[in-house]
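Notes follow once the structure below has been shown.
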Protein chains: 2
Amino acid sequence: MRRTNSDFMTGVPELLILKLLISRDMYGYEIAREIESANGEGLSISEAILYPTLHSLEKRGCLKAKRKTVNGRTRVYYSATKSGRVRLNSMMAEWQRITSIVSEMLGRRADASIR
Amino acid sequence: MRRTNSDFMTGVPELLILKLLISRDMYGYEIAREIESANGEGLSISEAILYPTLHSLEKRGCLKAKRKTVNGRTRVYYSATKSGRVRLNSMMAEWQRITSIVSEMLGRRADASIR
DNA sequence: TCGCTATACCTCAAAATGTTAGGTATTGTT
DNA sequence: AACAATACCTAACATTTTGAGGTATAGCGA
């Protein structure tokens, strides 16, 4: 049973895509499968947001694309650029900042205690 | 120095508004000040999202509005309904679910360890 | 060989959400 | 008198996400 995305997803696809592409080059379809399998199918990125996000990251210079044909199918491999790594860093910091504040306001123990 | 909202804000205004209105009745302007002061000005909700969100929550039956005039100024006090409490519960669960998964994928220690 | 599933890319219209930049009106302060 | 603070609000625009498609090849079982 695959979960649909939630209301709290804005920016999350981009964040996870950049995070994955830091560790190794991947192609779109592979990224989608990876995100699903990485969390027991608790979260999935629809292809309708995945591909446009990859394109916009590439246009902004955060990613580099390279087409490769494997077994008669074309894959577009993406790699993170320096600019992509910088962007990931600031996005992760921002994610940490917002979730800490919200979690604290919701009454959970502050995220500041972990890490 | 007041922070602007971040990319990771989708649904957060609604979440915080409901959370605040569970503890006591408040009016819009008061909610905005409360959110700012509650976290050292690290986060603020613009009035352009605050008021429309209050109106939509009221229309959906999650909030009840009551006008009150104090010192020549009109305040609209909101209180959470049963339906509003139910909605808050599911939103908090969803917030917990998403942030846990994302945090884990980002490589921090899993949120599962706290609470 | 037919049909189905998986792989692999993509787009478009509509909905939802948030930002920027205003507006009105009263009260308190300088 | 001028300005900040209180207190409500909206409209135009940009961005993000969803839902629902579309194309094409490869592999597998009946």
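Because the structure is predicted, anything quoted here is derived from the model rather than measured. Letters A, B, ... mirror the listed sequences (proteins, then strands); counts begin at 1.
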- Task: Could you grab the distance from atom CG of Asp25(A) to atom CD1 of Ile22(A), nearest 0.5 Å is fine?
- Result: 10.5 Å
- Message: Ignoring hydrogens and geometry beyond distance, is a side-chain donor-acceptor pair present between Ser100(A) and Gln96(A) at under 3.5 Å?
- Response: yes
- Task: Decide whether Ser90(A) and Glu94(A) meet the rule of one side-chain donor and one side-chain acceptor closer than 3.5 Å.
- Result: no
Flag the pair [X] and [Y] as a salt bridge only when some basic side-chain nitrogen lies within less than 4.0 angstrom of an acidic carboxylate oxygen.
{"X": "Arg60(B)", "Y": "Glu14(B)", "value": "yes"}
{"X": "Glu30(A)", "Y": "Arg75(A)", "value": "no"}
{"X": "Arg33(B)", "Y": "Glu47(B)", "value": "yes"}

Could you work out which one of [options] sits closest to the side chain of [X]?
{"X": "Tyr51(B)", "options": "dA11(D), dA7(D), dA8(C)", "value": "dA7(D)"}
{"X": "Ser46(B)", "options": "dC8(D), dT20(C), dA8(C)", "value": "dT20(C)"}
{"X": "Tyr29(A)", "options": "dC8(D), dC10(C), dA6(C)", "value": "dA6(C)"}
{"X": "Tyr78(A)", "options": "dC10(C), dT18(D), dG18(C)", "value": "dC10(C)"}

Please report, rounded to the nearest Å, how far the [atom2] atom of [N] is from the [atom1] atom of [X].
{"X": "Glu30(B)", "N": "dA5(D)", "atom1": "CD", "atom2": "C1'", "answer": "15 Å"}
{"X": "Ile49(B)", "N": "dC9(D)", "atom1": "CD1", "atom2": "P", "answer": "14 Å"}
{"X": "Asn71(A)", "N": "dA6(C)", "atom1": "CG", "atom2": "P", "answer": "18 Å"}
{"X": "Tyr27(A)", "N": "dT7(C)", "atom1": "OH", "atom2": "P", "answer": "8 Å"}
{"X": "Glu34(A)", "N": "dT7(C)", "atom1": "CD", "atom2": "C1'", "answer": "16 Å"}
{"X": "Met26(A)", "N": "dT7(C)", "atom1": "CE", "atom2": "C1'", "answer": "14 Å"}
{"X": "Leu50(A)", "N": "dG19(D)", "atom1": "CG", "atom2": "C1'", "answer": "16 Å"}
{"X": "Ile45(B)", "N": "dT20(C)", "atom1": "CD1", "atom2": "P", "answer": "14 Å"}

- DNA chain C contacts made by residues 52-61 of chain A, counting heavy atoms under 4.0 Å: His55(A)
- Using a cut-off of 4.0 Å on non-hydrogen atoms, how would the nucleic acid contact of Arg73(B) be classed: base, sugar-phosphate, or nothing? base
- Under 4.0 Å between any heavy atoms, over every strand shown, what does Glu47(B) touch: base, sugar-phosphate, or nothing? Just pick one. base
- Query: Hey, does the Lys NZ or Arg CZ of Lys66(A) hover above the aromatic six-ring of Tyr77(A), less than 6.0 Å from the centre and inside 45° of the axis?
  - Reply: no
